[in-house]
Asker: 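Have a look at this one.
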Amino acid sequence: MTTGEAILSVKGLSVSYGEAKVLFDMDLSVGPRQIVACVGRNGAGKTTLLKSIAGFLRPRAGTIASENVSLVGRKPYDIAKMGIKYVPQDKKVFSDLTVSENLELGSYATGDYNWDRVTDYFPKLKTLMDRKAGFLSGGERQMLMIAGRSWAIRKCC
């Protein structure tokens with residue numbers, strides 16, 4: 001796949017935490033409607049890769065682009081406006097707010113309040129819109145976390 005076809009392209013990415021080098025010359029390309037998994041042992045750099053793509057970490061070297069637009073040096077909220085969001089695995093939601101209110105907060109940076117695609121992908125959320133997030137199961141919370149930061153749903157599926 002050429003870079004022009006990729007919705008996400010990472011080339012020669014190297015990232016460090018201070019003097020501790022974590023990623024070395026990494027390449028990744030994601031095409032339209034393609035699903036890509038990042039797997040590895042603890043400490044392999046999976047989270048570092050994702051945080052770098054989302055703008056939370058600045059690479060020492062390499063490029064990160066979405067549809068040929070460079071993401072390197074952009075603020076995380078600007079990258080979120082482009083539709084790329086980092087979803088942590090900790091399942092933290094605003095427990096005292098409803099599912100709908102959590103989705104609304106997740107949509108604030110991008111201004112995208114149309115959740116039809118999200119609820120098509122996660123129909124269970126449609127039935128839970130008025131439920132407080134603190135009363136959701138672990139799987140329901142994970143759906144809410146992904147839905148509230150739904151780049152993967154809008155861009156890929």
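Residues: numbered from 1 along the sequence shown.
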Asker: Quick one, Y86 and T47 - any side-chain contact, counting heavy atoms below 4.5 Å?
Answerer: yes
Asker: Which pair of heavy atoms, one from G62 and one from V72, lies closest together, and at what distance?
Answerer: O-CG2, 4.2 Å
Asker: In terms of hydrophobic clusters joined by side-chain contacts under 4.5 Å, are I79 and V36 together?
Answerer: yes
Asker: Between the main-chain N or O of T98 and the side-chain N or O of N102, is there a donor-acceptor pair closer than 3.5 Å?
Answerer: yes
Asker: Main chain of D96, side chain of K132: is a donor-acceptor contact present, judged purely on distance under 3.5 Å?
Answerer: yes
Asker: Given the rule in the side-chain contact (heavy atoms from CB on, under 4.5 Å) test, do S14 and L23 qualify, once you have shown the distances and angles that lead to the verdict?
Answerer: CA-CA 5 Å; S14 295; L23 293 180; 5.6 Å; no
Asker: Taking it one step at a time, do L13 and I64 satisfy side-chain contact (heavy atoms from CB on, under 4.5 Å)?
Answerer: CA-CA 8 Å; L13 186 68; I64 305 168; 3.9 Å; yes
Asker: Considering only heavy atoms from C-beta outward, does the side chain of D78 approach that of M82 to under 4.5 Å?
Answerer: no
Asker: Check whether any side-chain heavy atom of K46 sits under 4.5 Å from a side-chain heavy atom of L50, and report yes or no.
Answerer: no
Asker: Among the clusters formed by ILVMFWY side chains lying less than 4.5 Å apart, do I53 and V69 turn up in the same one?
Answerer: yes
Asker: List the steps, then state whether side-chain contact (heavy atoms from CB on, under 4.5 Å) holds for L49 with C38.
Answerer: CA-CA 9 Å; L49 169 65; C38 180; 3.9 Å; yes
Asker: Quick check on the hydrophobic clustering: are M129 and M145 connected, directly or via other members, by side-chain heavy-atom contacts under 4.5 Å?
Answerer: yes
Asker: Nearest 0.5 Å please: distance from the CG atom of N68 over to the CD atom of E5.
Answerer: 10.5 Å
Asker: Heavy atoms, side chains only, cut-off 4.5 Å: are F122 and I146 in contact?
Answerer: yes
Asker: Do you know the tightest heavy-atom contact between V22 and G45?
Answerer: CG1-CA, 3.9 Å
Asker: Could you state the interatomic distance from CG (L144) to NZ (K124), rounded to the nearest 0.5 Å?
Answerer: 13.0 Å
Asker: In the structure I gave you, are the side-chain heavy atoms of V93 and L136 within less than 4.5 Å of one another anywhere?
Answerer: no
Asker: May I ask you to test the P59-V15 pair for a side-chain heavy-atom distance under 4.5 Å?
Answerer: yes
Asker: Working to the nearest 0.5 Å, report the span between OG of S66 and CZ of R74.
Answerer: 9.5 Å
Asker: Kindly say whether A6 contributes a backbone atom to a donor-acceptor pair with the side chain of S9 at under 3.5 angstrom?
Answerer: no
Asker: My understanding is that only residues two or more places apart in sequence, or in another chain, count here; which of them pass side-chain hydrogen bond (donor to acceptor under 3.5 Å, both in side chains) with R60?
Answerer: S16
Asker: Can you tell me how far CG of L71 sits from CG of L8, rounded to the nearest 0.5 angstrom?
Answerer: 7.0 Å
Asker: So Y17 and T48, do their side chains get closer than 4.5 Å, heavy atoms only?
Answerer: yes
Asker: Return the set of residues passing salt bridge (charged side-chain N to carboxylate O under 4.0 Å, His left out) with K126 (not counting sequence neighbours), or none when no residue passes.
Answerer: none
Asker: Looking at every heavy atom in both L125 and A147, which two are closest together, and how far apart are they?
Answerer: CD1-CB, 3.6 Å
Asker: Would you call M26 and K11 a side-chain contact if the rule is heavy atoms closer than 4.5 Å?
Answerer: no
Asker: May I ask you to decide if G139's main-chain N or O and Q142's side chain share a donor-acceptor pair within less than 3.5 Å?
Answerer: no
Asker: Residues in side-chain hydrogen bond (donor to acceptor under 3.5 Å, both in side chains) with E104, at least two apart?
Answerer: none
Asker: Quick one: CD on Q34 to OG on S29, what's the gap to the nearest 0.5 Å?
Answerer: 7.0 Å
